[in-house]
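Data block below; observations after.
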Amino acid sequence: MESKQTAAAASTTRLSPFKYSKRVLLKTILERRDGSLELIGERVVIGGWVKSSKEVRKQPVPRIDGDHVPGEPEPRSDVSCVEILQSRIPFLRTIVKVLGGGSGGNYPLKDKLEAALHKSPPPSTVFLKVGDGSCVASLQVVVESSLAPPAQLLHTGTCVIVEGLLQKPSVLQGKHVIELKVDQVHHIGIVEYSTYPLSKKRVPLDKLREFCHIRPRTTTVQSVMRIRNALEFAAHTFCQNNGFLSVQVPIITTTDSKGSSEKFHVTSLFTEAGEKEEPKKAVAEIDGVSLDVIKAAVKEKSNLLEELKRTDSNKEAVAAAMQDLNKTNELASQLEAREKSKPKTSQKVDNVKSSEGYFSSPTYLTTSGRMHLESYACALGNVYSFGPRFRAEKGEFPKHAAEMWMLEVELAFSELEEAINCADDLFKFLCKWVVENCSEDMKFVSQRIYKTGIDRLQSMISSSFERVSYSEALDALKKVTDKKIETKIEWGAALTEADLSYLADEIYKKPVIIYNYPKETKPFYVRLNDDGKTVAAFDMVVPKAGRLFSGSQNEERINILTARIKELGLAAQQYEWYLDLRRHGTVKHSGFNLEFDHMVLFATGLNDVRDVIPFPRSHDKANY
């Protein structure tokens, strides 16, 4: 009976390798509730990258005649100097032979010295902290120099696949409760350490952005990516569990979903010679940059340069201004040459004929997928989409990148209130999921980035949202005496990100939902309220994070929707397919979008969206 219980206990501690490789994930070793002690004696193969290392050399202590050995008689205390000198004679003779080339020597002194210097180094033990990306913790790995050259193992970033037995730490215990004593080295991926950008010291996040392909090796970025993965999985789980179907919306579209000029045009134009114009592949271009704008910039920069010269500014400032002016002049020259080479100087991308481009009409990278989702919501009921959305805003902003990911939800047979309730439930579900499934990563984030990160997520789960109309929010802002924020806001003006954050951070000190915005501040397709001035739209604003959700009930009445398109001067032909949804079986429907990258910022406590996107794209930066 006892033998069966012992066998059963042994089987519960045995580790299974990852299904698609022979290695064991470190997470299964290091994140056990029993502290991993039950795994002692297990044989495993692990693979990962060295985060830090230490070599301990074994210095053999030569025995000198007269040294006491246990079990032998105690040495005499009256040893003479002559006897001590005689005991060292063999050692002294060796030195004399090497330096002086003793009698009978057949080799010159140089060869003897080289032979002495090139003796194999003393044996040593290498202690590696190895991580494989599956968890925050790293495993202490012990490798004897007889198995692999220490010089190949010690550098940060080295990849190893090793096999051995799990045991209690022998030395250098520290935080480790278990270590791997290696007896076989299967692979060493060495590092060109002179060019490797990471080291044992912490590298600032803004510096890490310069090598996005290497920064996933850092513990911070690994934790952020695991939290991002958990949030994405949680978003899909929420939608699937609540009866939503996943629908992929197009990235290339002919529809300007938000009526915004800050969009990327897609083109693949050719020159008369048959070669593609720069850039040489189908690319996204930003419209709105004219020769007049460049010339105005040249004039402004020229004035700035003259002002710097008059005020005796430092040489560096003058040189930088002159370089900037030269670049702008060069750009103006290129635009002038391009304008002269075209028979029609006023032709824009919007006027490209089918024979001149890949598509028969102007196309863009999508800024929102909600309009396309509507067509499937009006057939399948409740749908959602998760994917990249693009905005061509120039400049660098902590909350914006050219390519950002969005979760968009559309509900048929629902009004604004139902969409708000759904967004509320989704947000709390995401917060709870991270707390329950990313405990180790959140502990690390709390230590390294944001001390109260876990508490903040837990408070969101149980908090009630303040719901105020646009007019009520405006009145609250007008009462503020803080000079840091603009309080003279006229009704009808859009609330800025600073306004929204102030409402959540300072006035209500809790999550806020603001609804019933002026129609001028929201897209044309949002449902017009009975007052004729406001529309059924909402924003969800969270303390220390700003706006995370935006949503609306969309206009189902074709006459009002057509009037809005005409009122805003939009190209009606572009939206004929959208109007068809109202002509044929229209229904009330609502939805929202979650700026997913901002949700990752909120969960991790980071401030710049470029630190939570694997390969961020921003103005003038797309190196991968």
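The residues of the chain are indexed from 1 along the displayed sequence.
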Strictly distance-based, threshold 3.5 Å: is any side-chain N or O of [X] a donor or acceptor partner for the main-chain N or O of [Y]?
{"X": "Thr521", "Y": "Pro518", "result": "yes"}
{"X": "Glu555", "Y": "Leu528", "result": "yes"}
{"X": "Thr604", "Y": "Val224", "result": "no"}
{"X": "Arg547", "Y": "Asp539", "result": "no"}
{"X": "His265", "Y": "Pro362", "result": "no"}
{"X": "Glu408", "Y": "Gly369", "result": "yes"}

Heavy atoms, side chains only, cut-off 4.5 Å: are [X] and [Y] in contact?
{"X": "Asn607", "Y": "Leu601", "value": "no"}
{"X": "Ile251", "Y": "Pro388", "value": "yes"}
{"X": "Pro250", "Y": "Thr366", "value": "no"}
{"X": "Val609", "Y": "Lys399", "value": "no"}
{"X": "Cys212", "Y": "Pro616", "value": "yes"}
{"X": "Gln553", "Y": "His589", "value": "no"}

Is [Y] paired with [X] through a side-chain N to carboxylate O contact shorter than 4.0 Å?
{"X": "Arg389", "Y": "Asp597", "answer": "no"}
{"X": "Asp608", "Y": "Arg610", "answer": "yes"}
{"X": "Arg583", "Y": "Glu576", "answer": "yes"}
{"X": "Lys510", "Y": "Glu466", "answer": "yes"}

[atom2] on [Y] to [atom1] on [X], rounded to 0.5 Å:
{"X": "Glu374", "Y": "Trp577", "atom1": "CD", "atom2": "CH2", "answer": "7.5 Å"}
{"X": "Asn593", "Y": "Ser385", "atom1": "CG", "atom2": "OG", "answer": "11.0 Å"}
{"X": "Ser246", "Y": "Phe386", "atom1": "OG", "atom2": "CZ", "answer": "10.5 Å"}
{"X": "Leu579", "Y": "His584", "atom1": "CG", "atom2": "NE2", "answer": "10.0 Å"}
{"X": "Asp531", "Y": "Lys519", "atom1": "CG", "atom2": "NZ", "answer": "9.5 Å"}
{"X": "Arg391", "Y": "Lys263", "atom1": "CZ", "atom2": "NZ", "answer": "14.0 Å"}

Testing the basics here: between [X] and [Y], what is the closest heavy-atom pair and its distance to 0.1 Å?
{"X": "Val435", "Y": "Gln458", "answer": "CG1-NE2, 3.9 Å"}
{"X": "Cys431", "Y": "Ile461", "answer": "CB-CG1, 3.9 Å"}
{"X": "His236", "Y": "Tyr384", "answer": "ND1-OH, 2.9 Å"}
{"X": "Met460", "Y": "Pro511", "answer": "SD-CG, 3.6 Å"}
{"X": "Glu490", "Y": "Tyr470", "answer": "O-OH, 3.8 Å"}

[Y] and [X] aromatic ring geometry - parallel, tilted or perpendicular at 30°/60° bounds:
{"X": "Phe244", "Y": "Phe238", "answer": "parallel"}
{"X": "Phe427", "Y": "Phe549", "answer": "perpendicular"}
{"X": "Trp433", "Y": "Phe233", "answer": "tilted"}

Taking the ring of Tyr525 and the ring of Tyr575, is the distance between their centroids below 6.0 Å?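 No, too far apart.
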Who are the salt bridge (charged side-chain N to carboxylate O under 4.0 Å, His left out) partners of Arg564, not counting sequence neighbours?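 Counting only residues at least two positions away or on another chain, Arg564 forms a salt bridge (charged side-chain N to carboxylate O under 4.0 Å, His left out) with Glu567.
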[X]-[Y] side chain donor-acceptor pair, cut-off 3.5 Å:
{"X": "Asn529", "Y": "Thr534", "answer": "yes"}
{"X": "Asp499", "Y": "Thr496", "answer": "yes"}
{"X": "Glu472", "Y": "Tyr515", "answer": "no"}
{"X": "Ser223", "Y": "Arg448", "answer": "no"}

Evaluate Leu503 against Val468 for side chain to side chain contact (heavy atoms under 4.5 Å, CB included), listing each step before the verdict. CA-CA 10 Å; Leu503 286 166; Val468 297; 5.9 Å; no
In this structure, are over 12 heavy atoms from other groups packed under 6.0 Å from Tyr376 atom OH?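 It does not: Tyr376 OH has 12 such atoms or fewer within range.
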Test side chain to side chain contact (heavy atoms under 4.5 Å, CB included) on Ser618 and His400 and set out the steps. CA-CA 8 Å; Ser618 56; His400 172 71; over 6 Å; no
Can you pull the side chain to side chain donor-acceptor pair (under 3.5 Å) pairs that have at least one residue in residues 414-428, sequence neighbours excluded?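 Residue pairs passing side chain to side chain donor-acceptor pair (under 3.5 Å), neighbours aside: Ser414-Ser590, Glu415-Lys588, Glu417-Arg467, Asn421-Arg467, Asp424-Lys428.
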Assess the residue pair Phe524 and Leu561 against the criterion (side chain to side chain contact (heavy atoms under 4.5 Å, CB included)); give the C-alpha distance rounded to whole Å, side-chain angles, the decisive distance to 0.1 Å, and a yes or no. CA-CA 7 Å; Phe524 72 93; Leu561 186 59; 3.9 Å; yes
If the condition is side-chain hydrogen bond (donor to acceptor under 3.5 Å, both in side chains), which residues does Arg456 pass it with, not counting sequence neighbours?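 Arg456: no side-chain hydrogen bond (donor to acceptor under 3.5 Å, both in side chains) contacts found.
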Check step by step if side chain to side chain donor-acceptor pair (under 3.5 Å) holds for Arg582 and Thr562. CA-CA 10 Å; Arg582 278 73 183 168; Thr562 303; over 6 Å; no
Would you please test Ile613 and Trp405 for side chain to side chain contact (heavy atoms under 4.5 Å, CB included) and show each step? CA-CA 9 Å; Ile613 299 175; Trp405 282 67; 5.7 Å; no
